[in-house]
Amino acid sequence: MSAEKTPIPLGSNFIRAIVEKDIEQGVYSTRKWAGSPGDAAHHAAGQPDPAKIRTRFPPEPNGYLHIGHAKSIFLNFGLARDYAGVCHFRFDDTNPEKESQEYVDSISDAVKWLGFSWENNGESNLYFASNYFDLMYRAAESLIENGHAYVDSQTAEEMRIMRGTLTEAGKNSPWRDRTVAENLSLFREMRDGKHADGSLILRAKIDMASPNINLRDPAIYRIKRAYHHNTGDKWCIYPMYTFAHPIEDALEQITHSICTLEFEDQRPFYDWLLGRLAEAGMLAQPLPKQYEFARLNLTYVVLSKRKLIDLVQDHHVSGWDDPRLPTLAGARRRGYVAEGFKLFTDRIGVSKADSWIEYTILEDCMREVLNESSERRIAVLDPIKLVIDNYAVDADGKSQTEDCFAPNHPLKPELGKRVVPLSRELWIEREDFMETPSKGYFRLVPDGLVRLRYGYVVKCTGFEKDAAGNVSTVHCEYLPDTKSGTLGSDSIKVKGNIHWVSVAHAYETEVRLYDRLFKEAHPGAGDRDYLNDINPNSVTVITAQLEPSLKDANPEDRFQFERHGYFVADRKDSVADKPVFNRTVTLRDAWQK
RNA sequence: UGGGGAGUCGCCAAGUUGGUUAAGGCACUGGGUUUUGAUCCCAGCAUCCGAAGGUUCGAGUCCUUCCUCCUCAGCCA
């Protein structure tokens, strides 16, 4: 007998393997944590870190978060949650020209919406890189003092030329050998605003001949007179990402610094920088380590910041939260749910291989959680009239009304049933009647039988067309002993089962039917302009007839409209007693298509 | 043509120090249940791991060569 294979749990990946090994070997067990970020001395005075690991999610507040970020958020926060660690939520705000409070707010909202918190045991782990500017400045002086950095007077253009190419080594700057004293004084003058933007720059002194271009004396501090959303006008020099990020990680005692593949080439510099600062006694050890994974690519979607900004600014969509956009704000309005993203990230895994995930995977994840969590309701989206000619009328000729009972969730009887009123005139779906049925069609046809879901079996007796030749009204007669839920209701078996809403009781409202924003799997692939791949029919706004109970829906209430799909009451455009609905995703449809 | 990565079923993705029948999910195809053509259930689905050689009793896992794709030359992140 062979040992039973234990299936690898969904969500296992190479990064988790690294974390598990590090914990097992106690790589980070001696770390101390002073309760807040800081340098070596600061943490040395702290307690042994109660967090086994520390990860971080470090967005730059220069745009809205999108679905790709969800992968990173679940990875980082998930790792912390699963391994008794803490995940820091840190704004990487080192370039004031592109950043703003609006983005800080929207990003915070998105992270919260996904279900994560940066509060851990009474400690807030919300941080801003800009809060470390003093420490970063000190780190830069430390580098200078130890001969690891110098102030360059070359122009950006000169630097570019001197950097060499992918195949040719670069050349040393003529300013590379300035003395420590001169560098220090120049750097201080930079800080004190004595020099014009771009006239001087601080560079790491590594190797202009390195085959890794990132090691050819990278720029680490530039002069930039710009108002910062957090520090105001305090600084006129700002650190570059390459310099700032490793330091942020180290000050926060991050153990596993996880980023995307394009930063792989940066890792040698990450280690170099932290190594120099640690040997100067500035940073606590052990130092953080950077690991890279493949960023998310989704078919039928664009996730580049630039393209998303274009779509918004050029009004191809209504705003950052347009339900067709892959932003988290848009996904939320569309009716996507956080648990769906969790399922999705578990399902697609984490690796270093470039990959394109089929968009339907995401939709399936949403269907899966929505099927479980959404109550059912009835909606007729493309109505035509069905008249039950033999239905009872009162003496005054008005139709009688009777209650039908519809379960709120077929898989959860404990959620009970609701009343749906039935009367003589109903709205039914245009596509549920065919004058001349195609093969395999088993809904309403002339002389045919069909069940009105939760009501009676009816027989079609005729139909009328309007001037344009379209069917406008269908006539039928009901079979009295067939009401759903009554004894013997199944005496007559019919395959077709259609939904309906009483005309006299219907709630008429706006419903938006969304489809994918792009008609091509890879927008802009080849030499096409991605804007030409926009789907002109990405949204259809209709007036639908809904069952009366839907009038009471609150913003963000989600339902399955039976036989159609999942819908959400729009959180922005719904007003009291007048909710409007967005289609999140359709049901799977084995018929047609 | 320099450096750094990646290539396992249509789409993802596990594959311990080489050990012998190549996980799992999604999709797909059959069949069953069903008052949503939904859900659910059951079954099937890579003699093969980018290619070619080699080492070995034994290779997706080691060696050699080759091919393809991604990425780096911002005072962006």
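The figures here come from the full heavy-atom set of this structure, side chains too, leaving out hydrogens, waters and symmetry mates. Residue numbers start from 1 in every chain, and the chains themselves are labelled A, B, ... in the order their sequence lines are given, proteins ahead of strands.
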Sort out the partner of [N] for me: Watson-Crick or G-U wobble, both distances under 3.5 Å, none otherwise.
N: A22(B); value: none
N: A43(B); value: U29(B)
N: U34(B); value: none
N: U68(B); value: A6(B)
N: C75(B); value: none

Inset, instruction - Flag this pair as yes if the NZ/CZ of R516(A) is under 6.0 angstrom from the six-membered ring centre of Y300(A) and inside a 45 degree cone about the axis; otherwise no. - result: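 Yes, R516(A) sits over the ring of Y300(A).
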
Inset, instruction - From the options H499(A), E562(A), K417(A), select the one residue that forms a side-chain hydrogen bond (donor to acceptor under 3.5 Å, both in side chains) with Y454(A). - result: E562(A)

Inset, instruction - Quick one: list whatever passes side-chain hydrogen bond (donor to acceptor under 3.5 Å, both in side chains) with E372(A), sequence neighbours left out. - result: none

Inset, instruction - Could you tell me which residues satisfy side-chain hydrogen bond (donor to acceptor under 3.5 Å, both in side chains) with E414(A), sequence neighbours excluded, listed by chain and number? - result: none

When the distance from [atom1] of [X] to [atom2] of [N] is rounded to whole Å, what number comes out?
X: R451(A); N: U35(B); atom1: CZ; atom2: C1'; answer: 6 Å
X: K352(A); N: A14(B); atom1: NZ; atom2: P; answer: 12 Å
X: R295(A); N: A6(B); atom1: CZ; atom2: P; answer: 17 Å
X: D346(A); N: A13(B); atom1: CG; atom2: C1'; answer: 13 Å
X: L298(A); N: C11(B); atom1: CG; atom2: P; answer: 15 Å
X: D589(A); N: U36(B); atom1: CG; atom2: P; answer: 14 Å
X: D490(A); N: U34(B); atom1: CG; atom2: P; answer: 10 Å
X: F14(A); N: G5(B); atom1: CZ; atom2: C1'; answer: 11 Å

Between [N] and [M], how many Å separate the two [atom1] atoms, rounded to a whole number?
N: G15(B); M: A77(B); atom1: C1'; result: 35 Å
N: C9(B); M: A52(B); atom1: P; result: 15 Å
N: U64(B); M: C69(B); atom1: P; result: 23 Å
N: G54(B); M: U1(B); atom1: P; result: 27 Å
N: C57(B); M: G50(B); atom1: P; result: 25 Å
N: G4(B); M: G44(B); atom1: C1'; result: 43 Å
N: C40(B); M: U33(B); atom1: C1'; result: 8 Å
N: A59(B); M: G32(B); atom1: C1'; result: 43 Å

Legend entry - RNA chain B contacts among residues 407-422 of chain A, heavy-atom distance under 4.0 Å: P410(A), L411(A)

Inset, instruction - Scan residues 452-460 of chain A against RNA chain B and write down, sorted by residue number, each residue with any heavy atom closer than 4.0 Å; if none is found, say none. - result: R453(A), Y454(A)

Give one of base, sugar-phosphate or nothing for [X], where a contact means two heavy atoms less than 4.0 Å apart.
X: E264(A); value: sugar-phosphate
X: F243(A); value: nothing
X: G440(A); value: base
X: G485(A); value: base
X: V350(A); value: sugar-phosphate

Legend entry - Ring centers of H256(A), Y291(A) separated by less than 6.0 Å: yes

Examine the base of [N] for any acceptor or donor lying under 3.5 Å from a partner atom in the side chain of [X], and report the outcome as yes or no.
X: S484(A); N: U35(B); result: yes
X: R443(A); N: G37(B); result: yes
X: Q560(A); N: U36(B); result: yes

Does [X] come within less than 4.0 Å of [Y], counting only side-chain N to carboxylate O?
X: E141(A); Y: R188(A); value: yes
X: K483(A); Y: E402(A); value: yes
X: E24(A); Y: K21(A); value: no
X: R306(A); Y: D310(A); value: yes

Legend entry - Test item: W175(A) and I201(A) side chains (from C-beta on) under 4.5 Å apart, heavy atoms: no

For [X], side-chain contact (heavy atoms from CB on, under 4.5 Å) partners two or more places apart:
X: K98(A); answer: E60(A), N62(A), N95(A)
X: E168(A); answer: T165(A)
X: D382(A); answer: E429(A), R430(A)

Inset, instruction - Scan nucleotides 71-77 of chain B nucleotide by nucleotide, 5' to 3', and note B when protein non-hydrogen atoms come under 4.0 Å of the base, S if they reach only the sugar-phosphate, - if neither. - result: SBBSBSB

Please output the side-chain donor-acceptor pairs of residues 236-247 of chain A that fall under 3.5 Å, not counting sequence neighbours, one pair per line with the distance.
residue: Y238(A); atom: OH; partner: A226(A); partner atom: O; Å: 2.9
residue: Y238(A); atom: OH; partner: W235(A); partner atom: O; Å: 3.2
residue: H245(A); atom: ND1; partner: D92(A); partner atom: OD2; Å: 2.8
residue: H245(A); atom: NE2; partner: R56(A); partner atom: NH1; Å: 2.7
residue: H245(A); atom: NE2; partner: R90(A); partner atom: NH2; Å: 3.4

Got a list of protein N/O to nucleotides 26-30 of chain B N/O distances below 3.5 Å?
residue: A27(B); atom: OP1; partner: D364(A); partner atom: OD2; Å: 3.3
residue: A27(B); atom: OP1; partner: R588(A); partner atom: NE; Å: 3.4
residue: A27(B); atom: OP1; partner: R588(A); partner atom: NH2; Å: 2.6

Between side-chain atoms of residues 262-275 of chain A and protein atoms elsewhere (two or more places apart, or another chain), which donor-acceptor pairs fall under 3.5 Å?
residue: E262(A); atom: OE1; partner: T260(A); partner atom: OG1; Å: 3.0
residue: E262(A); atom: OE2; partner: T260(A); partner atom: OG1; Å: 3.0
residue: E262(A); atom: OE2; partner: R295(A); partner atom: NH1; Å: 2.8
residue: E264(A); atom: OE2; partner: K352(A); partner atom: NZ; Å: 2.5
residue: R267(A); atom: NH1; partner: E292(A); partner atom: OE1; Å: 2.7
residue: R267(A); atom: NH1; partner: E292(A); partner atom: OE2; Å: 2.8
residue: Y270(A); atom: OH; partner: D249(A); partner atom: OD2; Å: 2.7

Inset, instruction - Could you pull out the closest heavy-atom pair between V104(A) and F91(A), with the gap in Å? - result: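 Scanning both residues, the minimum pair turns out to be O-CZ, 3.5 Å.
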
Inset, instruction - Enter syn or anti for the glycosidic conformation of G44(B), syn applying to angles within 90° of 0. - result: anti

Legend entry - Residue met sooner reading RNA chain B from 5', once F561(A) and A294(A) are mapped to nucleotides: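 Closer to the 5' end of RNA chain B: A294(A).
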
Legend entry - salt bridge (charged side-chain N to carboxylate O under 4.0 Å, His left out) against R203(A), all qualifying residues, sequence neighbours excluded: D152(A)

